[in-house]
Amino acid sequence: MGRIFKLIAMLAAGVVTLVVLALVAVGFLVDANDYKDQIAAAVKQTTGRELTLEGDLDLKLFPWVSVAVGRASLGNAPGFGDEPFAEINTARLSVKLLPLFSQRIEVGDIELDGMVLRLARDARGRDNWSDLAADDPDAEVDVELTEAEGPSASLDISGIDVSNAALYFNDAQADSSVELENFNFRARGVSAKQHFPLSLQFDFTGQDLVASVDAAIEARLDTAANAYDVRDADIKVIGRGESIPGGEMDATLKFAALAADLNSGTLKIDDIVLVFDDLRARGNLQGENLLDGLVLKGPIEVEPFSPQSVLPRVGVDLQTADASVMQKSSADAVLNFSPAGIMFTEVDLSLDDTRLRGNAGRVNEQIRFDLTADAIDVDRYLPPPAEDAADSDDEGSVDEIDLPLDAIRQVNIRGKFTLQQAKFAGLSFKDLVLDVNARNGELRLTPRANAYGGSYAGNIAIKARANDALLSLDQTLKDVDLNPLGADLYQVDKLSGLANADFKLSATGRNLGDIRRKLTGTAALNLADGAWEGIDLWYEFRKARALFKREAAPPAPTGPPRTPFSAVTATANVADGIVRNDDLRAVLPFMVLTGRGNLNLPEDSLDFDLVAEVLKKPELAKDATVADLGGSRIPLKLSGPIGDPKLRPDFAALVKEEAKKKVKDKLLDSLGLGNEDEAAAGEGEGAEPEESPEDKIKNKLKDLFR
């Protein structure tokens with residue numbers, strides 16, 4: 001039996017020797033260049049394209065099966081120009097012969113230099129590469145390998161060198177083009193058994209982007225197990241162009257390890273570090289469904305940075321009213337990526353002294369968020385006052401805010417924003433909740449909050465138009481304390497009491513200043529149990545009367561001047577920022593104040609004509625200086641800045657009122673009815689009610705016409 005095996009071994013060795021000798025003989029006796037025409041003809045018959053072999057062909061069969069090709073090109077598809085579809089300067093491939101007999105593939109150096117590939121799609125959507133595919137693109141190749149067929153062949157490659165390559169893609173249908181030039185790829189010791197070094201460099205040019213990429217990694221490709229892993233990755237990208245915020249980019253991406261298992265569809269990336277200018281982010285990610293709907297999840301962290309220094313580098317020129325803001329920020333979150341979108345959960349973001357928590361992201365083209373901040377003073381982040389603004393410290397800062405018309409036209413948003421404490425436009429809020437919905441060019445904001453001891457609720461709708469926006473406001477205040485509200489709004493605390501108000505307004509414009517100047521709609525106001533500090537209306541009334549009567553002015557009251565009231569009501573129509581009121585009524589302890597006038601919102605001023613009517617109260621009879629004031633009426637003028645108006649007698653109206661009274665008294669005397677003062681003097685307790693002067697005049701006139 002041993003002799004038989006020995007004989008078989010000798011015969012096998014002999015066969016191998018004969019095969020090797022035959023291959024050596026073919027390598028020496030056959031010149032591959034003699035077959036250029038046959039090769040070109042075969043390509044022409046198979047693809048319909050011209051293959052041009054300008055350089056020499058070199059074929060060796062032992063100890064390496066080696067093929068080398070000089071300069072060559074493959075023609076383009078019909079209708080795509082005369083430039084070659086593909087061309088190379090040189091290409092070389094070698095495979096060690098003897099290991100093939102034991103199902104081991106030992107490849108030498110794979111070299112490819114000067115490859116140029118030109119891809120194109122015309123205006124009708126036809127491309128210049130589909131015709132190179134198989135005749136039946138739907139045909140399936142059914143190859144089933146079993147353990148009975150023996151172990152799979154291992155693959156080892158000494159090195160891969162691709163140098164000076166380029167790829168061009170011109171898409172006439174999309175009117176776009178992409179260029180990939182100076183492409184260099186180098187790998188050494190490619191094997192499934194161990195990691196090998198790999199480097200890659202190329203320059204990319206797109207419509208609005210020019211970038212250079214330089215990458216170095218260590219990789220291991222276990223094709224038999226469908227497992228691939230990378231470690232010590234270092235990828236640098238330098239770019240410029242309009243598509244990059246700020247026009248320039250210098251970024252580095254590193255990660256310690258990446259492992260992908262195609263059989264289980266899992267992916268894991270450890271110790272990711274992304275550096276973009278002064279921004280530095282870290283994270284770890286795990287993925288599933290690698291080949292069919294990738295899902296990624298993992299924690300990420302943005303290390304502390306200064307937005308004030310980063311924003312200008314990304315093209316954002318942010319000017320703020322307070323130069324000390326935007327100095328420090330950081331963020332933590334959990335990234336959740338899926339085919340449906342990307343969502344950041346467990347967000348913990350800090351900006352200066354504000355901390356923001358919640359969830360935010362994009363799901364099926366819609367931005368969604370639910371975020372809560374502890375406290376923020378929005379006024380500090382508003383644009384600074386305009387140079388030509390008034391002297392007020394904050395004048396103009398709010399008016400300069402442009403409405404984000406382009407964003408409103410494009411965004412699809414649904415979310416809720418909660419602020420535990422907030423300050424905006426000088427006003428303070430607590431537990432502010434803002435619901436946001438935006439779609440198809442329409443933005444709706446539904447705010448509600450506790451403010452100044454009461455509550456605020458609103459409905460704000462903005463519809464973006466071609467050059468401006470249509471704004472509608474429906475606002476309600478309930479039981480708001482006017483004293484701190486006035487202090488915050490106009491830096492004065494002259495008005496106290498509880499306010500209830502309703503505003504239904506609309507306007508068009510491009511910024512908040514336009515909106516304020518064009519407001520139109522209606523308003524209603526109800527004040528209760530308050531006072532106007534700084535003005536003693538009763539004293540001003542008495543002083544005005546004394547001045548008009550040329551009497552000595554009454555003594556000034558002790559203590560700060562104030563005018564208490566039990567109720568103030570008013571409704572108004574608003575047009576072009578002017579609030580017109582015709583039914584102002586204020587009930588004071590000794591008088592009722594009525595009037596009409598305008599509130600000019602663009603100029604922050606008011607102008608009201610008032611009439612003060614003294615009530616006939618028993619308390620007046622106890623003071624001789626005011627005993628005769630019951631029933632008196634005196635016109636007043638209220639005008640000036642909204643925050644600090646001035647109240648004075650309306651002397652022109654006083655003269656008219658006095659002239660009317662004298663004419664009336666004279667008419668009564670001529671009719672023998674006495675004047676109004678005499679009629680009033682005849683009244684008293686127990687007196688018979690008499691006809692009023694007006695009734696007497698009517699009766700006398702009737703007698704004249706009988």
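Residue numbers count from 1 along this sequence.
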Interatomic distance, [X] atom [atom1] to [Y] atom [atom2] [nearest 0.5 angstrom]:
{"X": "D214", "Y": "T252", "atom1": "CG", "atom2": "OG1", "answer": "10.0 Å"}
{"X": "F169", "Y": "D127", "atom1": "CZ", "atom2": "CG", "answer": "8.0 Å"}
{"X": "L221", "Y": "H195", "atom1": "CG", "atom2": "NE2", "answer": "9.0 Å"}
{"X": "Q286", "Y": "K268", "atom1": "CD", "atom2": "NZ", "answer": "5.5 Å"}
{"X": "D234", "Y": "K254", "atom1": "CG", "atom2": "NZ", "answer": "4.5 Å"}
{"X": "F276", "Y": "M249", "atom1": "CZ", "atom2": "CE", "answer": "6.5 Å"}

Please check if any side-chain donor atom of [X] sits under 3.5 Å from a side-chain acceptor atom of [Y], or the reverse.
{"X": "N170", "Y": "S177", "answer": "no"}
{"X": "D322", "Y": "S324", "answer": "yes"}
{"X": "T476", "Y": "D502", "answer": "yes"}
{"X": "N412", "Y": "Q366", "answer": "yes"}
{"X": "D607", "Y": "N598", "answer": "no"}
{"X": "S605", "Y": "N600", "answer": "no"}

Taking [X] for the side chain and [Y] for the main chain, is one N or O donor matched with an acceptor at less than 3.5 Å?
{"X": "D171", "Y": "Q173", "value": "yes"}
{"X": "D352", "Y": "M326", "value": "yes"}
{"X": "N359", "Y": "E346", "value": "yes"}
{"X": "R409", "Y": "A466", "value": "yes"}
{"X": "N500", "Y": "D479", "value": "yes"}
{"X": "D278", "Y": "V310", "value": "no"}
{"X": "T354", "Y": "A375", "value": "yes"}
{"X": "N483", "Y": "D481", "value": "no"}
{"X": "T266", "Y": "E288", "value": "no"}
{"X": "N284", "Y": "D271", "value": "yes"}

Taking atom [atom1] as the centre, does [X] end up with more than 12 heavy-atom neighbours from other residues, nucleotides or ligands that are less than 6.0 angstrom away?
{"X": "R368", "atom1": "CZ", "answer": "yes"}
{"X": "E181", "atom1": "CD", "answer": "yes"}
{"X": "D292", "atom1": "CG", "answer": "no"}
{"X": "R465", "atom1": "CZ", "answer": "yes"}

- Query: When you look at L599 and I642, which way does the side chain to side chain contact (heavy atoms under 4.5 Å, CB included) test go after all the steps?
  - Reply: CA-CA 8 Å; L599 195 67; I642 295 176; 3.8 Å; yes

- Decide side chain to side chain contact (heavy atoms under 4.5 Å, CB included) for N182 and F202; before the verdict, give the C-alpha distance in whole Å, the side-chain angles of both, and the deciding distance to 0.1 Å. CA-CA 5 Å; N182 301 320; F202 63 86; over 6 Å; no

- Message: Test salt bridge (Lys or Arg N to Asp or Glu O under 4.0 Å) on D348 and R355; report intermediate values, then the result.
- Response: CA-CA 7 Å; D348 190 348; R355 191 171 184 181; 2.6 Å; yes

- Message: Show, in sequence, the C-alpha distance, side-chain angles and deciding distance for L382 and F424, and conclude whether the side chain to side chain contact (heavy atoms under 4.5 Å, CB included) test is met.
- Response: CA-CA 9 Å; L382 295 178; F424 177 70; 4.2 Å; yes

If you define the side chain from C-beta out and look only at heavy atoms, does anything of [X] sit under 4.5 Å from [Y]?
{"X": "V230", "Y": "Y228", "result": "no"}
{"X": "Q207", "Y": "D175", "result": "no"}
{"X": "F204", "Y": "L209", "result": "yes"}
{"X": "I462", "Y": "I408", "result": "yes"}
{"X": "N184", "Y": "N164", "result": "yes"}
{"X": "F255", "Y": "V273", "result": "no"}
{"X": "Q421", "Y": "D374", "result": "no"}
{"X": "M343", "Y": "V363", "result": "yes"}

Which pair of heavy atoms, one from [X] and one from [Y], lies closest together, and at what distance?
{"X": "A260", "Y": "L290", "answer": "CB-CD2, 3.8 Å"}
{"X": "V325", "Y": "Y381", "answer": "CB-CE2, 3.6 Å"}
{"X": "Q308", "Y": "A323", "answer": "NE2-O, 3.7 Å"}
{"X": "Y452", "Y": "L427", "answer": "OH-CA, 3.3 Å"}
{"X": "R118", "Y": "N128", "answer": "O-ND2, 2.9 Å"}
{"X": "S306", "Y": "S309", "answer": "O-OG, 2.9 Å"}

- Query: Does the pair R282/E301 count as a salt bridge with the N-to-O cut at 4.0 Å?
  - Reply: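 Result for this pair is no, no salt bridge flagged.
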
- So does D161 pair up with R188, basic N to acidic O under 4.0 Å? yes

- Output, in order, the C-alpha distance, side-chain angles, deciding distance and verdict of side chain to side chain contact (heavy atoms under 4.5 Å, CB included) for N573 and T522. CA-CA 5 Å; N573 291 312; T522 61; 3.6 Å; yes

- Message: Please identify which of these residues, K416, R444, R448, meets the side-chain hydrogen bond (donor to acceptor under 3.5 Å, both in side chains) condition with D435.
- Response: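 Exactly one option meets the side-chain hydrogen bond (donor to acceptor under 3.5 Å, both in side chains) with D435, and it is R448.
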
- Item | Full working for side chain to side chain donor-acceptor pair (under 3.5 Å) between D113 and S163 | CA-CA 5 Å; D113 178 66; S163 57; 2.7 Å; yes

